[in-house]
*Asks:* 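Sharing a structure below in structure tokens format, with a few things to ask.
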Amino acid sequence: MVKCTLDGTEIDVAPGTTILNAARDIAIDIPTFCYQDRLSLSASCRMCLIEIEGRRKLEPACATTVSENMVIHSRSDKVVTMREDMLEILLANHPLDCPVCDKGGECELQDTVFEYGKGDSRFQDDKRVFRTRDIELNDVIVFNANRCIQCQRCVRICEEVVGDTALGTAERGLDSEITGTGNSLKDCSHCGNCIEVCPVGALMSIPYRYKARPWDMVQAETICAMCGTGCSLTVESRDGAVKRVKSKYETGINGELLCARGRFGIDCLEGGTPVRVPMIRTGGALVEASWDEAITLIASTAQTIKTRNGTIQGQISPQQNNETALAFQNLMRQAFATDDIHAGSRFSGLRDLSQTATRQLAQLISTGLSRAPLDTLLTSDSTLVLGANITVENPVTGYLMRTAVRDHHTRLLIASSRPSNLDDISDAHLRLLPGEEAHLLSALTAPDHIAASDAPLQAEFLKSARAALDSATSVTLFLGTEFLRTGAVEETLDWITHTVNFLENAGKTVAVQILFDRPNQRGLWDMGCLPGLRPGGIVNETAPALTARSGTGSAPVPDMVFVAGADPLTDCATGDRCGTAARKTDFLVVQSAHVNATTEHADVLLPCPAWGEETGTFTSNQGATQPLQMIRPPAPEVLSARQLYQRIATAMGLAPDTPDAPAVIATDLTPGSAAHIAPTGRTDAGTPPATLPPALNGNADSAAASVTEGTPARPPAPRGARPPEPGAGQFRLITGASLFSAGTLSARSHLLQNLERGAYLELNPPEGLEPEAHQYQVTLRSGSTTLSAPLKVNRGFARDVVYAPESLFAALEDNPLSARNYPLAVTLTFARLP
Amino acid sequence: MSELTLLKHIDNPDAPRIESYEKSGGYEGLRRVLKDFSPDEVIEYVKACKLRGRGGAGFPTGIKWDFVPKEDGKPHYLCCNADEGEPGTFKDRLLMERDPHQMIEGMVITAYATGCNIAYVYIRGEYGLSIRRVQDAINAARARGYLGDNILGSGHSLEIHLHIGAGAYICGEETALLESIEGRRGMPKLKPPFPAVAGLYECPTVVNNVETFACLPHIFRLGSDWFTSIGPEDAPGPKLFALSGRLKQRGVFELPMSISLGALIEDYGHGAITGTLKAAIPGGVSAPMIPASGFDVGMDFSSLAAVDSMLGSAAVIALDETSSIPVVARRITEFFSHESCGKCTPCREGLTWAAKILRRIESGDGLPGDPAQLEMLCGGIFGNSFCALGDGAAWALAATLKHFRPEYDALITRKTATG
């Protein structure tokens with residue numbers, strides 16, 4: 001510890017502590033503008049200058065570390081005068097247009113002047129007017145040059161955290177101006193983090209422009225539903241109307257960070273056609289009905305099906321909260337006596353898992369996934385991202401990963417089908433098709449499994465990856481959900497389990513997180529919304545064989561399908577059991593806040609609260625269960641899902657117990673706390689010893705010494721759901737979330753849909769098309785499917801892969817992307833745009 | 001001093017050619033170093049010579065080299081600061097145009113001492129002839145085996161690259177210079193870490209001035225006793241002084257330090273063009289001006305510091321009675337304002353504001369509170385800037401107010417009296 005005296009108080013601080021942080025620890029406020037915890041040091045605003053005895057000049061508190069016996073004054077006359085002078089000169093050219101500035105009331109310059117300013121100015125000359133008009137840098141960000149104080153926080157967060165490097169500085173001296181290429185940010189991520197960190201009203205949100213004053217609004221603290229990262233949002237409303245979303249400094253997993261979907265997608269609350277009243281299909285058309293009529297019909301139909309040993313299936317959307325999910329599976333299992341419960345319309349690969357694989361997945365969900373703060377996982381020595389495009393699926397996770405690589409020198413390995421902006425800062429990256437994950441894991445942990453055809457493709461990546469894993473004492477495995485859409489789920493689960501065991505047996509601490517691109521997928525599974533998994537992660541050893549498991553043939557259609565919030569008719573691939581069930585069942589019950597393809601098809605349609613219209617909890621990818629606050633109440637006549645299920649059960653003459661959410665749900669992820677569940681080892685007791693493959697045995701001494709009890713038996717070499725090598729002109733189609741469009745919530749946001757700017761097909765263009773590839777239209781054909789869209793160039797893709805946003809398939813009659821043929825073999829033709 | 005060293009051959013049109021340089025003893029110092037000295041011995045020898053940097057700050061060169069970590073496994077870089085941008089300063093230009101091999105030889109010696117295999121000459125973009133002469137000298141030295149792989153069989157290798165500056169004064173500041181070489185905005189960086197530890201591409205980097213490098217061949221050819229016999233004990237060796245302004249004789253002079261400012265002006269500058277001198281700036285425009293009454297001061301680091309000025313780049317600008325001090329102050333302040341990189345608040349905001357006030361005073365619209373405002377800007381604002389550019393601007397302006405306040409008052413009261 002280092003001893004120093006700060007404003008007369010003697011304190012001990014850890015070596016390397018800055019004066020600013022030492023002061024904050026003892027509640028001494030030192031004003032700053034350019035400083036921000038997450039960003040590199042600038043020390044340019046000079047607001048935090050303090051006096052150190054024995055030094056001639058004042059020193060910046062943010063950039064000066066405490067040394068032994070240092071005597072520091074943060075409120076000496078010299079410092080007070082300096083602050084007054086510095087604020088006076090900052091205001092000399094500042095327009096002082098606070099009454100018409102959106103930042104008024106929450107402006108750091110305003111607050112600091114109020115606290116530390118002198119109250120008047122000696123400067124009498126005319127202010128410089130930098131620009132007479134504001135500049136709209138893109139559809140969401142507007143810039144007022146006159147107010148900018150050049151703290152460069154926006155430039156730094158854009159480069160260091162977001163990874164866009166879209167903002168920069170033009171000119172120098174007093175002519176320095178924050179801007180993007182060509183005075184535009186139209187190609188940036190539109191995350192608005194630059195707006196959030198701007199201490200003044202220089203960078204502002206266009207959707208929020210002139211809409212409200214900060215002190216006029218009420219806040220709802222809730223959790224974002226645009227992906228599974230679980231960012232904290234502050235939704236601000238005036239007179240009942242939502243005005244904007246803010247992130248709060250040092251609040252939640254995300255601190256001040258949000259992505260475009262989280263920050264600007266809040267107008268999703270106004271989008272879509274709401275379902276207002278219960279409806280029953282009568283004579284081919286949906287006709288308004290009372291809640292009692294609908295509930296009676298559902299209860300009696302379910303009762304009849306039960307009596308004649310019929311089948312019922314439940315499907316629930318990952319936008320539903322834990323409380324709804326728990327009540328839903330209770331209704332299914334207890335009232336409807338079915339275990340055929342599904343969450344995740346797109347995860348086609350999960351439909352027909354063997355009993356063993358179901359248990360393996362349940363095991364992974366219940367004990368295999370880490371429940372630890374993402375920040376902790378990201379400080380691992382090595383991080384392997386498998387089958388995910390974090391940049392667009394979980395943008396904020398990506399921001400945190402980027403800063404971890406910078407601050408902790410985490411060695412990042414990425415193997416995915418889609419390029420991301422983290423590729424550039426990775427130790428190594430590899431383009432890998434969905435379904436090939438097991439191949440990679442087996443090549444990493446069992447090198448004799450490398451197929452000859454893989455070798456040249458993977459050799460370089462494998463070399464780097466093995467080096468990074470060899471030298472690591474802690475490893476985090478981030479799994480994307482791509483593999484859940486393929487036919488290779490079972491062997492992928494095998495190899496994930498094996499890889500974790502393998503690394504743990506080599507003495508490494510291993511953590512696993514699944515990167516869900518939907519908000520509460522993890523919570524739904526925790527709540528038991530999966531065949532063979534009971535609430536609280538209890539594996540159901542005696543789960544009855546599902547009615548649908550009838551070998552490899554087509555599955556029988558359930559007699560009744562109950563859909564909570566999901567839209568299987570849009571999202572399920574053709575041939576997916578859930579989609580077929582919803583389409584063909586004799587009795588389709590759909591609960592939905594908004595009209596969609598599945599509601600159109602319903603026999604009973606019931607309104608339910610949308611995200612933001614009820615309280616509850618979401619479980620994020622890191623395993624934290626976080627409360628949702630109501631942003632606005634649902635329509636008064638709308639029953640909550642929990643009320644509905646209760647009444648259906650009652651109508652069936654049952655009283656399903658309503659247990660509290662299971663104890664497995666951790667709310668506090670602080671390591672060491674009671675609720676913190678550390679990842680547990682999965683080594684089965686009876687596994688025979690095996691030798692460490694030579695690949696990871698490179699550092700013979702340390703690696704060999706760390707393997708004590710031997711490595712568990714390997715699963716069989718992946719057979720692979722590898723599609724056949726494409727022929728000439730053939731490509732493999734992959735799909736997924738895009739930056740501005742990821743699921744129905746974002747689809748209801750007009751703002752996000754505008755940013756998405758229509759359909760596109762993204763690929764690394766064939767050589768013949770360069771250099772004007774962006775001027776081509778691509779037509780994609782596969783069987784009866786035909787899609788045409790402009791070509792979007794991305795040279796990070798493999799040459800034989802084409803990416804289409806999954807929202808494109810919403811418009812198709814038949815969504816061809818089922819587990820049997822994902823990634824899909826397609827042919828592309830190119831035509832020059834007129 | 002009658003015996004010239006650094007400028008001995010500048011009137012010889014053949015001096016830039018390597019044959020001519022070799023004939024007059026060029027590269028002998030390097031041969032001696034590579035033959036008789038270990039890298040550490042070179043550093044110790046330069047320390048013993050008490051060679052101080054000729055760029056402005058006067059930091060002991062050997063000590064700076066000693067900060068470079070040994071055996072750290074990283075590449076080390078060497079940079080020659082040839083961005084000579086301080087108004088009034090044109091000594092490096094003369095060395096590069098007329099006898100550039102001195103600098104090249106000095107760089108090879110330094111690279112050997114500090115384990116650098118790659119060097120950059122960051123050269124002022126406006127110095128067209130210097131750029132050509134230095135490039136020719138690099139090519140010639142390489143052809144003769146003084147650069148490239150295994151220099152003179154020593155096992156040491158060095159490549160020198162030229163980096164042409166784009167006209168920013170701030171890039172003469174060593175951390176901004178390194179940023180500029182890396183392709184970033186020319187802005188100063190936080191110190192620590194100092195460049196010797198983490199400079200170019202985060203690797204240990206030595207940055208020295210052209211004239212500093214030019215001293216080295218002579219030190220190793222003629223010996224430390226020769227070097228320390230010249231000038232004052234704490235700042236030995238030959239020094240170049242650039243004389244300009246209202247002097248009858250202007251140019252670059254090689255003299256020992258400690259010669260008095262008055263003697264420099266009278267004996268070498270031959271006095272004022274018009275009447276008498278009223279002040280002189282002793283070391284480039286950032287050095288506070290000294291009124292004529294203070295000319296009896298030694299031109300060395302410590303003597304000038306004692307009178308609140310500095311040796312800086314040793315560029316003397318003389319002002320005679322035709323020079324209006326507030327106008328000089330305005331031009332200096334406008335220069336700094338124009339060259340401010342914009343990184344820190346005081347320099348970016350304060351300098352333009354000060355220039356605005358000075359322009360107003362000059363145009364006859366001065367107000368009685370103006371000098372006080374300028375003093376406040378110098379003390380409370382520029383003095384708290386991120387790098388020395390703001391300090392330099394503050395010192396320069398404050399000195400004009402301190403020594404020539406009546407000239408300001410006269411301009412202001414004239415307006416007050418008539419208006």
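In what follows, every chain begins at residue 1, and chains take the letters A, B, ... in the order their sequences are listed.
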*Asks:* Might you point out which heavy atoms bring A/D126 and B/W353 nearest each other, and give the distance in Å?
*Replies:* O-CH2, 3.7 Å
*Asks:* To the nearest 0.5 Å, tell me how far B/T345 OG1 sits from A/M47 CE.
*Replies:* 8.5 Å
*Asks:* Just wondering, more than 12 heavy atoms not from B/R184 lying within 6.0 Å of its CZ?
*Replies:* no
*Asks:* Within the supplied structure, the quantity of interest is the number of heavy atoms (other residues, nucleotides, ligands) at a distance under 6.0 Å from B/H338 NE2; does it exceed 12?
*Replies:* no
*Asks:* Which answer fits B/D370, side chain, backbone, both or neither, if we ask what part of it has an atom under 4.5 Å from a heavy atom of chain A?
*Replies:* neither
*Asks:* Would you say B/R348's side chain and A/I149's backbone share a donor-acceptor pair under 3.5 angstrom?
*Replies:* yes
*Asks:* Heavy atoms under 4.5 Å from chain B: which residues of residues 162-177 of chain A carry them?
*Replies:* A/T169, A/A170, A/E171, A/R172, A/G173, A/L174, A/S176
*Asks:* Could you state the interatomic distance from CG (A/D85) to CG (B/N384), rounded to the nearest 0.5 Å?
*Replies:* 8.5 Å
*Asks:* Checking heavy atoms, do the side chain of B/A372, its backbone, both or neither come under 4.5 Å from chain A?
*Replies:* neither
*Asks:* Between A/M86 and B/P346, is there a side-chain heavy-atom distance shorter than 4.5 Å?
*Replies:* yes
*Asks:* Residues in salt bridge (Lys or Arg N to Asp or Glu O under 4.0 Å) with B/K191, at least two apart?
*Replies:* B/E173, B/E174
*Asks:* Would you say that more than 12 heavy atoms from the other residues, nucleotides or ligands in this model lie under 6.0 Å from the CZ of B/R405, or not?
*Replies:* yes
*Asks:* Do any N or O atoms from the side chain of B/Q373 and from the backbone of A/R122 form a donor-acceptor pair under 3.5 angstrom?
*Replies:* yes
*Asks:* In Å, rounded to the nearest 0.5 Å, how long is the span from CE of B/M187 to CD of A/Q152?
*Replies:* 5.5 Å
*Asks:* Using non-hydrogen atoms and a 4.5 Å limit, figure out which bit of A/L49 sits close to chain B: side chain, backbone, both or neither.
*Replies:* side chain
*Asks:* At what distance, to the nearest 0.5 angstrom, does CD1 of A/I89 lie from CG of B/L377?
*Replies:* 5.0 Å
*Asks:* Give a yes or no on this: more than 12 heavy atoms of other residues, nucleotides or ligands lie within 6.0 Å of atom CG of A/D77.
*Replies:* no
*Asks:* How far does NZ of B/K356 sit from CD of A/Q124, to the nearest 0.5 angstrom?
*Replies:* 12.0 Å
*Asks:* Quick check on A/D37: does its CG atom have over 12 non-hydrogen neighbours (other residues, nucleotides or ligands) under 6.0 Å away?
*Replies:* yes
*Asks:* Working to the nearest 0.5 Å, report the span between CG of A/D125 and CG of B/L367.
*Replies:* 8.0 Å
*Asks:* Who wins among A/S42, A/C34, A/P60, A/C151 for the most heavy-atom pairs under 4.5 Å with chain B?
*Replies:* A/S42
*Asks:* Check the surroundings of atom OH in B/Y201: do more than 12 heavy atoms from other residues, nucleotides or ligands lie under 6.0 Å from it?
*Replies:* yes
*Asks:* Between A/F33 and chain B, with a heavy-atom cut-off of 4.5 Å, which part of the residue counts as in contact: side chain, backbone, both or neither?
*Replies:* neither
